[in-house]
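Below: the structure, in structure tokens.
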Amino acid sequence: MAYVLPELPYGYDALESHIDARTMEIHHTKHHQAYITKVNDALAGSALADKDIVAVISDLNAVPDAQRVAVRNNGGGHANHSLFWTVMSPGGGAPSGGLAAAIDSDLEGFDKFKASFANAAATRFGSGWAWLVVQNGKLAVGSTANQDNPLMGESVAGLGGTPILGLDVWEHAYYLNYQNRRPDYVAAFFSVIHWEEVARRFAEAKG
Ligand SMILES: [Fe+2]
């Protein structure tokens, strides 16, 4: 069964003025769709095509050699963007409850976390993602290149763990509105983080 583009849980203009509608529409319908089309092509006729994309990218060794790079890049792209849409919302706000407590204990508080996450996003050279992950029960911040996902493992992605928040820092995510000003885009992202969804993913990752 081929993967399909998930619907956004809000309209393309819902995150204005932080992320503009045109960027959201192109990002979703063109970029995300392209990853889906390419991973579907790579897995066509394979039993792996019936597995959840998160399960597929979590076990790249199970992918045949000839398809592994295509699945890493495009399956990663599908999984990463699928997470990305859900961790944003028009509301914004701040974390609360167990997640806020974990940010305090594992990451020296919300302000330090923000600085650390913004730094991870700003210093990722070229295209990639900044992440908040759960590693061995604790929160950690880092980044990956291209469409690598921490679920691919540290040996592949350079960062391991279960992602609960991800920020796309490919230029296609911000260029129309922010041009080369990635730090401004990163700052704007903090106004649209859907902390309830991040907290739900945190609880799930903690098990
Ligand atoms: Fe993207």
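Both counts, for ligands and for their atoms, begin at 1 and track the order of listing. Small disclaimer: the values here were computed from a predicted structure and weren't measured. Count residues from 1 along the sequence.
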Would His32 and His27 count as a close aromatic pair, with their ring centres under 6.0 Å? no
With ILVMFWY side chains joined below 4.5 Å, transitively, what does Tyr175's cluster contain besides itself? none
State whether Glu204 and Arg200 are salt-bridged, where the test is any N-O pair (Lys NZ or Arg NE/NH1/NH2 against Asp/Glu carboxylate O) under 4.0 Å. yes
Quick one: which of Ile53, Leu5, Asp41, Asn74 gives a side-chain contact (heavy atoms from CB on, under 4.5 Å) with Ile36? Leu5
Could Asp111 and Lys114 be called an ion pair, given the rule that one side-chain N must be under 4.0 Å from one carboxylate O? no
Taking the six-membered ring for Trp, are His81 and Trp129 closer than 6.0 Å centroid to centroid? yes
From the Fe ion (ligand 1), how many protein N/O/S atoms are found at a distance short of 2.8 Å? 4
